[in-house]
Amino acid sequence: MTKCEKVGNVVLDLSDYSGEDVYTDGAIEDVLLDIVQNNPPCAFPRIIAEQKSWPVFYHLSPFRANIIDWLPFKKTDKVLEIGSGCGAITGTLARRAGSVTCIDLSKKRSLVNAYRNQEYDNIIVKVGNFKDIEPHLDEDFDYVLLIGVFEYGQAYIGGDAPYEDFMRICNRHRRLDGRLIIAIENKFGLKYWAGCREDHLGTYFSGLEGYHEGGSARTFTRHGLERILECVGIHEYSFYYPYPDYKFMTTVYSDRYLPKKGELSNNLRNFDRERVLLFDEKQVFDEIITENEFPLFSNSYLLVVGGAPDVIYAKFSNDRAPKWAIQTKMVRSASSQAVGAPLTVCVEKIPDTAAAYEHMQSTKRAYALLTKRYEGTKIEMNRCSEKDGNAENGLVFEYCKGVTLEAMLDQCLDCADVEGFKALVAEYMEWLRYGEVCDGEGAVSNIDFIFPNILVDGDQWHVIDYEWTFEKYVPARDIAFRAFYNYTLGGERREACRDLLFKDILGFSEEEITAAVQKEQEFQRLISGERVSVDAMRELIGNRAYELNGMLSHCHYADERLVAQLYFDYGDGFCEEHSVKLRDCFFAQKDLRIAYDIPQDAVRVRIDPCSYMCTVSIRSIMVNDRLYVGEDMETNGVWHSCGALVFDNEDPNIAIDVTGGGRLHVDAQVMELPEILAKNLVETASEQNLFDKTKCFIKQKLKK
């Protein structure tokens, strides 16, 4: 019997719901439900920025939908979304497709989905276990989507071959000419080698080591996914490569259009946890690209089972203010789809919002103005026309071949060709100033004249992007700074060119550099409007990325500072010869725990907890079963009234008598003190101890 509820226009089918949410993330789901019940989706970006919470950002960010928003959905398409969760992509599917059937185990998450998308009348959410719902599903869906779901195949399906069975079951629900879409992390993704924690377990290197510690999720390499496809009998499929990963994708590549050197520089993606930085991912990606191994190390995969989409590349610039939010796509032409035909593509820029239509028109006007400015030169603006005869549909550009000026400069750095580097920059400056009109009518400035936007093909320089063009005078010096600044952000090797570019070529002082950086940051804030970018959210959430050099420095510090030492007296006193240094005995830099076997013929043991002024709060000192108390200890510190020992010297020690050896256990808290505080505490404690002794002496005299 069908049991349904409605939230706005969305139908919740509870026929297979057990009445209890077996899977839950706890209280955060109540927070999410409250947000979507009391706020429209347009308010989510503001709330996300205010909350500074990873779960809120993850579940409610509009950027999550980038992973599917480039696919060629039609308003007649029938879509099945398995594992729809809180509806991160459901709204986009409902806007672009004909109908959306969602499946999710959790009613509360499904309520979040329903409330945030209640305006759509083409969504039905089936709540319950997939295994119970699946037998009753249609088998003619145009799209079947598993976004961040396939890795949980063991939990969904169980059995000896859960992932093969899961893929086989899901695939039978798409129509013959439909598509099965799977987004999943690559267990060999470069971010994991570089020091990101495994997304599902939160531990380092778990996937790389084969998940030997268990866990409910499994991710795969490309070869691993292909083995599953082969086992299931699927032979028509394509791999796409979301970058930086599928969760907050800004760019998607394909085997027909792989990334170029220098493009993969936005690699910090530790929103949910801290991470380490073992190497410069941008430079390693460049080497991987040179070796043609990018598919092996892509952080995520988007697997398309069925016919390959015509889009071979897409880039999202939708973390901007609505009036500047666009998508850029490379689309193969119909003529290049025939077997053996050469690949021909065009580039499309599509407005992401209605407010961005004007930006498309401005870009088209910029093409005309810049073409006129550079007429008769080697500088050629990428030809631009209206898509389907209307700028509101977007713009179409020719696909230009060549090497980016950025890559050519990098090549000079690789070869230590300083003169070649300077020559390229000098020519860039020459063309930047060409046709410059300082005042009045005819002034036009392309502040997007930056190195990645210039493709060099023989003697021709193709300017492939000029969307930030203004009909006013902007000094070439300022535009050049923007190009240089963006270039130097691409790793240590480029950063080393800072003084050459900013000071030697532009003649900027440090004060001018600081002011120019602030101006660029203000421009970026203007473009973003009230939207907080994905990069900015990482900063707001606040999980650190610890660099290897910093960790090594801390290790060296710990080796020098966080070291205890034991001395053994065999009847002749303490000496360095009869001592041992103990490393790795400090926890959280302050908790000292020692377990050590005392030699049988030792008569005394001296414990040096550290080599700096400190307080030592002794929880326990034991040898075998004997517990030592204050009067059993000889020390060069002073007992404070709080019960701790205070040391105003850099050789603190505590000595105890022992007989016949045994197992020494020390549990104490050691807190380093500034010299002035240590001496003050010792003085205060000494005066208090003297007062207490005097008082005790007087009491004894009076008794007598």
Side-chain angles (χ1 to χ4, degrees), residues 557-694 696-697:
Y557 164 83
D559 278 347
E560 293 295 325
R561 303 284 285 173
L562 303 179
V563 178
Q565 193 166 2
L566 298 179
Y567 290 82
F568 305 107
D569 176 7
Y570 297 99
D572 298 321
F574 298 114
C575 64
E576 289 292 330
E577 182 183 354
H578 298 144
S579 73
V580 60
K581 288 188 176 182
L582 302 178
R583 306 183 192 279
D584 302 321
C585 56
F586 275 90
F587 301 86
Q589 298 189 39
K590 57 184 176 58
D591 291 317
L592 174 65
R593 297 191 185 97
I594 297 173
Y596 195 87
D597 289 323
I598 300 171
Q600 286 188 351
D601 46 354
V603 295
R604 298 178 76 216
V605 175
R606 193 180 95 185
I607 305 158
D608 288 19
C610 60
S611 57
Y612 43 81
M613 300 181 189
C614 64
T615 64
V616 177
S617 300
I618 300 171
R619 299 187 184 100
S620 65
I621 296 179
M622 298 182 66
V623 176
N624 297 330
D625 295 330
R626 179 183 174 182
L627 177 66
Y628 290 76
V629 294
E631 58 258 29
D632 300 326
M633 305 175 195
E634 181 183 331
T635 178
N636 63 346
V638 176
W639 291 100
H640 194 273
S641 58
C642 69
L645 277 168
V646 184
F647 297 91
D648 64 351
N649 62 82
E650 295 183 344
D651 186 28
N653 58 71
I654 303 163
I656 57 174
D657 294 331
V658 295
T659 304
R663 186 73 167 172
L664 170 69
H665 287 276
V666 177
D667 185 1
Q669 186 180 77
V670 181
M671 301 292 290
E672 185 173 4
L673 295 176
E675 182 177 356
I676 188 169
L677 179 57
K679 292 189 177 300
N680 187 289
L681 286 174
V682 166
E683 182 179 349
T684 303
S686 298
E687 290 174 354
Q688 182 65 45
N689 290 342
L690 179 61
F691 175 77
D692 291 342
K693 288 179 181 178
T694 303
C696 182
F697 176 76

For this session: Please name the residue in the list Val682, Ile654, Val638, Val670 that meets the side chain to side chain contact (heavy atoms under 4.5 Å, CB included) test with Leu645.
Result: Ile654

For this session: For the pair Lys590 and Glu672, find out whether any cationic side-chain nitrogen is under 4.0 Å from an anionic carboxylate oxygen.
Result: no

Exercise. Counting only heavy atoms not in Asp601, do more than 12 sit closer than 6.0 Å to its CG atom?
Worked result: yes

Exercise. Which value, rounded to the nearest 0.5 Å, describes the distance between Thr635 atom OG1 and Ile618 atom CD1?
Worked result: 7.5 Å

For this session: Compare all side-chain heavy atoms of Val605 with those of Phe574 and state whether any distance is below 4.5 angstrom.
Result: no

Exercise. Which heavy-atom pair separates Arg561 from Tyr612 by the least distance, and what is that distance?
Worked result: O-CE2, 3.3 Å

Problem set entry | Check: Asp657 and Tyr628 side chains under 4.5 Å, non-hydrogen atoms | no

Problem set entry | Side-chain touch Phe568/Val580, heavy atoms, less than 4.5 angstrom | yes

Problem set entry | Pair Phe587-Arg593, side chain to side chain contact (heavy atoms under 4.5 Å, CB included): steps then yes or no | CA-CA 8 Å; Phe587 301 86; Arg593 297 191 185 97; 3.3 Å; yes

Problem set entry | Pairwise side-chain contact, Val623 with Ile598, heavy-atom cut-off 4.5 Å (strictly under) | yes

Seminar exercise, completed: Here the gap from Ser617 atom OG to His640 atom NE2, rounded to the nearest 0.5 Å, amounts to 10.5 Å

Exercise. Residues in ring-ring contact (aromatic ring centres under 6.0 Å, His included) with His665, at least two apart?
Worked result: none

Exercise. Hey, does Leu566 have a side-chain heavy atom less than 4.5 Å from the side chain of Asp608?
Worked result: no

Problem set entry | Side chain proximity check, Arg626 to Asp632, heavy atoms < 4.5 angstrom | yes

Problem set entry | Of all pairs that satisfy salt bridge (charged side-chain N to carboxylate O under 4.0 Å, His left out), the ones with a partner from residues 639-656, not counting sequence neighbours | Arg606-Asp651

Exercise. Do Leu673 and Thr615 pass the side chain to side chain contact (heavy atoms under 4.5 Å, CB included) test, and can you show the C-alpha distance, the side-chain angles, and the key distance before you say yes or no?
Worked result: CA-CA 7 Å; Leu673 295 176; Thr615 64; 3.4 Å; yes

Problem set entry | side chain to side chain contact (heavy atoms under 4.5 Å, CB included) between Asp591 and Phe586, intermediate numbers included | CA-CA 5 Å; Asp591 291 317; Phe586 275 90; over 6 Å; no

Problem set entry | Point-to-point distance, once rounded to the nearest 0.5 Å, from CD of Glu560 to OG of Ser611 | 8.5 Å

For this session: Show your working on side chain to side chain contact (heavy atoms under 4.5 Å, CB included) between Ile621 and Met633 and close with a plain yes or no.
Result: CA-CA 10 Å; Ile621 296 179; Met633 305 175 195; 4.0 Å; yes

Exercise. Cationic tip of Arg663 within the cone over Tyr596's six-membered ring, i.e. under 6.0 Å and within 45° of the normal?
Worked result: no

Exercise. Which pair of heavy atoms, one from Cys585 and one from Ala564, lies closest together, and at what distance?
Worked result: SG-CB, 3.9 Å

Exercise. Are the side chain of Asp569 and the backbone N or O of Gly571 linked by a donor-acceptor pair below 3.5 Å?
Worked result: yes

For this session: Search all heavy atoms of Pro652 against all heavy atoms of Pro609 and return the closest pair with its distance.
Result: O-CD, 3.4 Å

Exercise. Atom NZ of Lys581 and atom CD of Gln565: how far apart are they, to the nearest 0.5 Å?
Worked result: 5.5 Å

Problem set entry | From Met622 atom CE to Asp667 atom CG, the distance as rounded to the nearest 0.5 Å | 11.0 Å

Exercise. Is any side-chain heavy atom of Val666 closer than 4.5 Å to a side-chain heavy atom of Ile607?
Worked result: yes

For this session: Determine the minimum heavy-atom distance between Leu627 and Ser620, stating which atoms define it.
Result: CD1-CB, 4.0 Å

Seminar exercise, completed: To the nearest 0.5 Å, atom OH of Tyr570 lies from atom CD of Glu577 at 10.0 Å

For this session: Tell me, yes or no, whether the heavy-atom count around Asp597 atom CG, taken from other residues, nucleotides or ligands under 6.0 Å, exceeds 12.
Result: yes

